[in-house]
Undergrad: 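One structure follows; several queries about it will come next.
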Amino acid sequence: MEQVTGDILQVKYALDTFYFLVMGAFVMWMAAGFSMLEAGLVRSKNTAEILTKNIVLYSIASIMYMIVGYNIMYGDAISSIIPGISFGLGLDNAASAVTGADGAPYYSNLSDFFFQVVFVATAMSIVSGAVAERMKLWAFFAFAIVFTGFIYPIEGMWKWGGGFLDQAGFLDFAGSGVVHMAGAAAALAGVILLGARKGKYGKDGSVHAIPGANLPLATLGTFILWMGWFGFNGGSELIVSNVDEANAVAMVFVNTNMAAAGGCVAALLIARLWFGKADLTMALNGALAGLVSITAEPLTPSPEMATLIGAIGGVIVVVSIVMLDSKLKLDDPVGAISVHGVVGIWGLLAVCLTNPDAALSTQLLGIGVIFAWVFAASFVVWMIIKVVFGIRVSEEEEYEGLDVGECGLEAYPEFSTSVK
Amino acid sequence: MEQVTGDILQVKYALDTFYFLVMGAFVMWMAAGFSMLEAGLVRSKNTAEILTKNIVLYSIASIMYMIVGYNIMYGDAISSIIPGISFGLGLDNAASAVTGADGAPYYSNLSDFFFQVVFVATAMSIVSGAVAERMKLWAFFAFAIVFTGFIYPIEGMWKWGGGFLDQAGFLDFAGSGVVHMAGAAAALAGVILLGARKGKYGKDGSVHAIPGANLPLATLGTFILWMGWFGFNGGSELIVSNVDEANAVAMVFVNTNMAAAGGCVAALLIARLWFGKADLTMALNGALAGLVSITAEPLTPSPEMATLIGAIGGVIVVVSIVMLDSKLKLDDPVGAISVHGVVGIWGLLAVCLTNPDAALSTQLLGIGVIFAWVFAASFVVWMIIKVVFGIRVSEEEEYEGLDVGECGLEAYPEFSTSVK
Amino acid sequence: MEQVTGDILQVKYALDTFYFLVMGAFVMWMAAGFSMLEAGLVRSKNTAEILTKNIVLYSIASIMYMIVGYNIMYGDAISSIIPGISFGLGLDNAASAVTGADGAPYYSNLSDFFFQVVFVATAMSIVSGAVAERMKLWAFFAFAIVFTGFIYPIEGMWKWGGGFLDQAGFLDFAGSGVVHMAGAAAALAGVILLGARKGKYGKDGSVHAIPGANLPLATLGTFILWMGWFGFNGGSELIVSNVDEANAVAMVFVNTNMAAAGGCVAALLIARLWFGKADLTMALNGALAGLVSITAEPLTPSPEMATLIGAIGGVIVVVSIVMLDSKLKLDDPVGAISVHGVVGIWGLLAVCLTNPDAALSTQLLGIGVIFAWVFAASFVVWMIIKVVFGIRVSEEEEYEGLDVGECGLEAYPEFSTSVK
Amino acid sequence: MKMITAIIKPFKLDDVKDALADAGITGLTITEVRGYGRQKGHTELYRGAEYNVDFVPKTEIKTAVPADQVDTVVETIVKAARTDKVGDGKIFVTNIDRVVRIRTGEEDTDALS
Amino acid sequence: MKMITAIIKPFKLDDVKDALADAGITGLTITEVRGYGRQKGHTELYRGAEYNVDFVPKTEIKTAVPADQVDTVVETIVKAARTDKVGDGKIFVTNIDRVVRIRTGEEDTDALS
Amino acid sequence: MKMITAIIKPFKLDDVKDALADAGITGLTITEVRGYGRQKGHTELYRGAEYNVDFVPKTEIKTAVPADQVDTVVETIVKAARTDKVGDGKIFVTNIDRVVRIRTGEEDTDALS
Ligand SMILES: Nc1ncnc2c1ncn2[C@@H]1O[C@H](COP(=O)(O)OP(=O)(O)O)[C@@H](O)[C@H]1O
Ligand SMILES: Nc1ncnc2c1ncn2[C@@H]1O[C@H](COP(=O)(O)OP(=O)(O)O)[C@@H](O)[C@H]1O
Ligand SMILES: Nc1ncnc2c1ncn2[C@@H]1O[C@H](COP(=O)(O)OP(=O)(O)O)[C@@H](O)[C@H]1O
């Protein structure tokens with residue numbers, strides 16, 4: 001009998017671990033999504049560079065989080081604010097522990113690491129799009145090291161590592177705040193220090209559009225992100241191996257899908273009404289906004305409510321993109337600050353609509369704390385990099401394109417034309 | 001002991017739910033496949049528009065099916081022909097029900113919804129390719145609302161909702177008919193009402209090829225569909241959690257793969273013999289035809305037989321594409337009517353080759369009923385849209401491209417040349 | 001009680017089968033990765049042809065391995081060197097066998113076939129890139145038939161089929177040697193017989209770069225391969241359904257990811273130091289080299305060690321690509337021989353660093369045997385094809401591009417410019 | 001010999017080519033160009049920001065002909081390329097001193113036949 | 001009438017276009033070309049192998065003007081396109097025998113207004 | 001000064017460029033064009049339907065030279081571009097009234113050196 005119970009626990013452990021790994025692989029896939037989205041929304045002369053940034057940032061994130069980030073976020077903390085520091089990954093669970101007493105582990109520690117490491121890469125991917133087409137490649141990598149090794153893990157510890165935000169009752173299921181708004185805050189600090197692309201704003205304050213070179217890529221990127229998000233939110237339930245948890249994961253999948261659908265349709269409608277055209281890039285940003293909106297709470301809303309939350313996110317993102325672009329003159333080529341930052345805040349607030357455990361004040365506290373920390377810390381780091389190495393390429397390199405300047409090659413050597 | 005049995009039932013429920021969700025995510029991924037396939041096979045000036053259609057139709061399908069479609073298809077029906085109507089999604093299963101008596105649920109209701117909703121999106125995706133490069137964007141969306149909310153769910157209820165086709169013994173495992181031929185029938189009605197693209201047919205009846213702008217995208221789309229089809233067919237077994245079911249799912253995976261391989265090789269060979277060249281687009285359509293062929297019955301054939309069924313599908317699709325194009329003058333830029341419609345019929349007939357429960361007459365009944373209903377209903381809806389709003393863009397917009405006309409942007413602003 | 005134990009065994013069987021199928025689908029997805037990688041790294045005029053090669057080679061591999069290859073590799077062998085020959089696939093396991101005595105099957109035979117068939121396709125995909133832009137399409141297919149039906153299965157039997165290499169203690173977890181180096185050896189034989197592309201080397205021995213036409217595609221391909229590799233290595237653990245196995249699979253996922261990250265960063269750094277530019281294509285090859293490096297042993301290294309093993313692979317690949325290209329004048333457009341062959345050898349040797357069961361001499365034996373067999377057999381087959389049909393297109397066709405010559409269409413009819 | 005250079009609307013290329021072929025002109029070189037003239041391009045909104053498309057795609061056709069065929073050719077092009085809408089384009093006639101056919105070294109009118 | 005053909009750096013196109021518009025020139029045809037001159041292109045390493053980019057992207061602007069406007073136009077272009085760095089480009093002035101506006105059939109200076 | 005315009009097969013560009021460089025010509029502007037002539041293009045089947053590729057890719061090379069160098073340059077191009085197969089292309093020589101170097105304002109032969 002004990003043998004049988006042990007066997008069942010082992011199977012559950014295996015199922016939960018496998019679930020975690022599959023969901024993690026889906027999230028890893030989001031790295032490809034960000035790459036394609038960003039590569040599609042920049043000009044052809046800066047495409048190889050943004051691709052280099054994306055694949056290398058994912059690699060840097062993996063390495064830094066393994067070395068120190070994971071332990072900062074989930075290791076023994078000094079206090080609920082100050083994390084401890086230690087290095088490397090520990091051993092996995094023994095079979096005996098799993099079949100042991102109450103509170104036995106549900107899944108492999110390493111599967112947990114895998115799931116977590118793809119999250120930090122997601123946060124960092126948000127940054128690359130916003131600073132595209134003008135930031136130095138190696139300055140970006142320097143920032144990536146600090147962000148993925150320290151800035152993100154510290155605020156991550158405050159919430160998911162059981163720190164003070166968690167204790168205060170701040171709710172963020174899969175990371176509208178911890179991941180998305182954090183990435184956007186780091187991006188915002190970078191964009192402010194970096195300035196707009198040459199030619200984006202006329203001397204007379206006029207705003208010029210700089211169309212992305214390859215919209216099929218951008219669309220592919222959005223679909224990849226949409227798919228990967230099933231892992232992002234679906235895996236954040238952490239367990240699947242009993243009826244209640246399985247139902248919860250199913251609910252998360254459905255709501256994630258519905259919010260994206262709502263955001264996509266809403267953004268397209270707004271764009272159509274406002275600009276007179278069905279701006280594809282807005283539909284794409286709308287779908288992503290729907291996904292960000294639901295990420296803080298994909299479990300408690302009904303599917304209808306999730307659609308609505310996503311749709312509101314879709315409206316917000318269009319308004320925010322236009323405002324940041326034309327009023328605040330913050331040049332964000334892919335709309336990352338709006339999609340992940342502004343809509344991330346909406347997502348955190350929307351938790352209060354359906355989750356009885358949420359309190360508006362605590363949600364605001366969380367938003368304020370995460371934003372303040374990430375923005376301030378990032379600002380300082382960008383500033384140091386700016387002073388020491390410089391963060392912006394020369395004007396000439398910007399005209400010629402970063403591909404040739406930084407990477408020594410062209411993304412489309414046979415297609416691209418000389419103008420623009 | 002009871003506790004243990006309950007635990008096992010819970011694990012099985014969890015495994016089946018998880019399986020359903022993963023398979024569903026694969027099917028969702030097919031939306032990206034259709035987008036890339038279609039974006040690759042149209043001209044560059046119509047690419048952004050077809051992408052917009054694809055991502056938005058997926059969103060519309062999700063929303064409409066949630067609101068009303070799912071209930072029409074699987075809710076309480078008035079008779080075996082007339083479905084009932086109700087709105088929204090119900091609660092999920094309680095743990096107690098799962099561990100209860102015989103006939104307990106296997107998997108989460110919401111995971112079932114998720115799996116079903118991606119199917120309706122697939123059916124709708126078939127339509128977009130056939131009417132590409134000339135249909136008004138918003139007319140298409142209007143049709144999508146009706147098709148995904150009503151036309152598809154009604155015929156879906158007749159078979160999968162336990163309606164009269166199911167009762168008659170009509171067999172369609174994963175939807176060669178319910179999904180693929182249905183999509184093609186709706187597409188056919190649209191194509192007939194819409195007419196061919198300008199320049200497709202000369203005044204003298206000559207047929208002009210209009211090459212797709214980006215074949216790597218089309219190939220990527222085909223690979224995505226191939227991958228997603230493992231979910232489409234593999235998930236349609238519905239259960240995986242015991243030896244027989246696991247074996248069945250494995251068989252479905254193998255046969256799905258083999259049929260695609262057979263279709264791809266056969267279509268390439270035919271194209272080589274017939275046209276003198278190894279037409280890549282035919283190899284792609286051949287692979288898809290193989291997949292459609294096996295979808296009605298991926299379980300009973302041996303892998304060798306599955307290869308053959310797929311190969312016949314690959315031959316049929318090449319012949320059908322050429323006939324529709326040059327004899328019937330039905331202009332279908334991506335070959336959707338042939339791939340999903342003509343080959344869908346072949347798939348439904350091929351069930352009789354290996355499944356002893358199948359009867360040719362019943363299969364023909366099912367083909368006739370589904371085709372007649374979807375074609376007729378779609379024709380009426382397209383006609384209403386045509387009369388009220390118009391379904392075709394102006395000749396000038398068609399020359400300039402729908403991207404600028406409908407979406408206000410270009411898919412490849414830096415690459416595309418002016419000719420064509 | 002017995003019923004319960006049987007139920008648990010059934011669930012485990014189902015879980016392992018499902019795990020196998022999902023991992024196999026990930027590996028199948030690598031076919032898309034190779035397609036996109038290769039399509040991105042050739043010139044636009046040869047893009048449709050390389051796509052045709054890729055999707056059709058996958059189909060041929062599926063069919064040949066079903067007909068004869070699988071049985072050669074895993075059927076009853078005549079001796080530990082000479083495989084037996086038989087055709088077709090057998091029946092799957094009965095439920096009674098699963099719940100029977102010791103040594104009962106863990107998972108569906110057909111799921112095993114599915115997992116294995118995608119491996120042979122991977123090996124064959126390696127070849128297509130190396131011989132790109134000059135080999136005749138149908139000569140390539142002829143080789144694919146022999147390679148996937150015989151050459152690969154025979155050496156596969158020596159290791160994974162329990163043949164003499166296995167008995168000698170040669171270790172190759174997921175196929176750095178059996179799959180990757182084997183593919184590279186076949187490619188090398190082809191490249192030697194084929195010669196370099198026109199214009200690659202000047203009469204004075206100068207080396208000319210021939211840039212790939214579409215680096216976003218190449219990057220997408222790399223991300224797809226990275227993702228698919230979780231299935232490739234993760235599935236090669238074969239079982240997941242208890243604590244130890246689940247932990248092992250998790251470790252394999254983590255190490256696979258870390259090795260790729262290490263390879264990517266290392267290759268980029270070397271390229272930057274050596275060439276002065278952050279060559280994106282080297283970062284991509286570096287990530288793949290990291291993956292190949294860890295494939296022979298992804299389980300015993302710590303994640304830190306895996307990162308290092310991958311990083312060394314990343315350094316090796318850059319040096320190897322440059323040496324093969326400029327010193328040995330072996331023209332390999334995508335670097336396949338270096339990534340899969342040279343680094344495959346490194347991976348096999350690196351097993352000795354962490355696996356106490358490994359012996360350097362046995363690893364060298366395995367490397368020698370596999371390389372010698374595959375190279376020699378492939379050389380003979382290529383030679384026969386060369387003599388009988390010819391393997392290289394005419395000079396004129398090479399200038400015009402294989403797309404028009406072999407496939408009768410262009411990959412990008414609206415974009416490509418005439419120069420190059 | 002004269003060089004006739006016509007800037008036309010891209011979708012008229014086939015008509016012009018066919019008309020010229022009918023008129024016995026069998027040598028053409030075409031270039032994809034972009035034009036700026038009375039037909040003013042348009043302003044679009046991309047992500048809510050203005051986007052001027054100042055230049056309109058045009059196709060340039062060049063054909064070298066003996067001086068005595070200039071009138072016919074000009075007329076043929078005008079007829080075939082005309083849509084009566086702004087932006088139909090221009091034809092420029094310029095003088096050529098010398099023509100050489102690379103393959104044979106033939107010169108002048110021989111090189112054109 | 002004269003045809004003024006200017007080869008300029010691509011990013012100067014907007015400046016030149018605006019300057020010409022200010023000078024009353026409202027018809028232009030531009031072509032994307034690649035140039036080889038004193039500005040020598042550069043050698044890159046792609047995957048460790050040399051890669052000569054001999055040709056530099058340039059934009060060619062053609063505008064047909066009445067003979068008496070040539071000096072103004074040339075001057076305007078020189079001023080707007082100049083960066084004082086090698087590779088600023090060249091202007092060529094050639095003679096046009098005849099101009100026809102396709103839409104109306106108008107000829108010569110009428111066709112240019 | 002004369003403008004020499006040569007339409008050649010694209011893959012001959014490097015040979016022609018090198019031959020011209022050896023002959024002391026250091027300024028070129030090239031354009032990607034498509035040609036229609038004796039070399040007739042071809043008919044393909046795409047998805048079973050006919051597809052005429054009437055126009056063949058060609059490269060146009062323009063170089064402005066002092067009048068006394070015309071013969072050498074023409075000869076050099078003919079030699080380097082010749083494959084003796086139909087479609088090798090044509091060379092056109094036209095007159096230039098005036099040349100200006102944008103960077104310095106130098107005129108005519110000074111602008112070409
Ligand atoms: N002065 C000019 N020089 C060179 N090209 C010109 C000139 N004027 C017009 N063009 C070309 O002719 C095209 C059509 O001219 P436009 O003024 O728009 O219409 P139309 O010829 O019908 O009056 C322009 O897009 C441009 O390419
Ligand atoms: N002789 C020539 N004939 C045709 N085009 C030329 C000639 N010389 C230069 N060009 C064009 O002018 C461009 C600029 O010339 P270049 O010699 O690089 O600089 P600069 O004009 O400043 O001396 C070249 O890239 C080429 O397109
Ligand atoms: N009369 C012409 N005017 C302008 N370009 C021409 C003319 N005739 C030929 N060409 C150009 O020269 C190219 C080669 O001409 P073609 O007649 O095919 O071969 P060949 O020059 O060997 O006789 C054509 O593709 C076209 O670009």
Side-chain angles (χ1 to χ4, degrees), chain A residues 40-43 196-197 199-202 204-213 215 218 267-268 270-286 315 317-339 415 417-420, chain D residues 3-17 20 27-64 77 80-81 83-92 94 102-103:
Chain A
L41 291 178
V42 300
R43 285 165 293 179
R197 289 168 291 173
K200 175 68 197 172
Y201 299 109
D204 56 345
S206 59
V207 182
H208 303 298
I210 301 183
L215 297 193
L268 191 80
I270 294 294
R272 177 71 185 75
L273 294 174
W274 195 355
F275 317 146
K277 299 279 169 150
D279 187 317
L280 168 62
T281 68
M282 286 300 190
L284 302 180
N285 280 157
V315 172
V317 84
V318 175
V319 176
S320 171
I321 285 171
V322 175
M323 288 303 129
L324 261 65
D325 195 49
S326 66
K327 296 289 170 249
L328 302 183
K329 303 252 152 60
L330 289 168
D331 181 21
D332 176 356
V334 306
I337 298 170
S338 297
V339 170
F415 309 153
T417 56
S418 57
V419 180
K420 279 292 148 189
Chain D
M3 177 64 83
I4 300 177
T5 304
I7 317 283
I8 62 166
K9 292 192 170 158
F11 72 89
K12 278 293 186 180
L13 175 62
D14 277 343
D15 291 348
V16 172
K17 184 200 70 193
L20 285 174
L28 295 178
T29 300
I30 70 160
T31 313
E32 276 141 26
V33 299
R34 292 181 298 146
Y36 178 76
R38 296 202 182 183
Q39 181 194 1
K40 267 291 156 3
H42 51 286
T43 300
E44 291 282 353
L45 284 176
Y46 169 81
R47 295 170 76 71
E50 275 201 9
Y51 178 35
N52 291 312
V53 182
D54 285 332
F55 293 96
V56 189
K58 297 282 170 195
T59 297
E60 184 188 280
I61 301 183
K62 281 191 294 202
T63 179
I77 297 177
T83 68
D84 292 326
K85 295 219 192 89
V86 167
D88 276 355
K90 305 267 187 292
I91 301 172
F92 305 110
T94 53
I102 291 173
R103 173 166 47 95

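Here the structure is a predicted model, which means the values were calculated and not measured. Just so it is clear: chains get the letters A, B, ... in the order the sequence lines come, proteins before strands, and each one is counted from 1.
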Undergrad: If you look at every heavy atom in D:Ala49 and A:Ala209, which pair is closest and at what distance?
TA: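 Nearest pair, atom of D:Ala49 first, then A:Ala209: O-CB, 3.7 Å.
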Undergrad: Identify which part of A:Thr281 has an atom lying under 4.5 Å from any heavy atom of chain D, answering side chain, backbone, both or neither.
TA: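 Its backbone and side chain both get close to chain D.
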Undergrad: If you compare all heavy atoms of D:Gly48 against all heavy atoms of A:Val322, which two are closest, and at what distance to 0.1 Å?
TA: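 Residues D:Gly48 and A:Val322, closest heavy atoms: CA-CG2, 4.2 Å.
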Undergrad: Just how far is it from atom CZ of D:Arg47 to atom CG of A:Leu280, taken to the nearest 0.5 Å?
TA: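 The CZ atom of D:Arg47 sits 10.0 Å away from the CG atom of A:Leu280.
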Undergrad: How many angstroms lie between CG in A:Asp279 and OH in D:Tyr46, if you round to the nearest 0.5 Å?
TA: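 Reported value, rounded in 0.5 Å steps: 7.0 Å.
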Undergrad: Which residues satisfy the salt bridge (charged side-chain N to carboxylate O under 4.0 Å, His left out) test with A:Arg197, sequence neighbours excluded?
TA: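 Only A:Glu133, A:Asp331 meet the salt bridge (charged side-chain N to carboxylate O under 4.0 Å, His left out) criterion with A:Arg197.
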Undergrad: Only counting residues at least two apart or in another chain, list the ones meeting side chain to side chain contact (heavy atoms under 4.5 Å, CB included) with D:Lys85.
TA: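 In terms of side chain to side chain contact (heavy atoms under 4.5 Å, CB included), with neighbours along the sequence ignored, D:Lys85 is linked to D:Lys9, D:Thr83.
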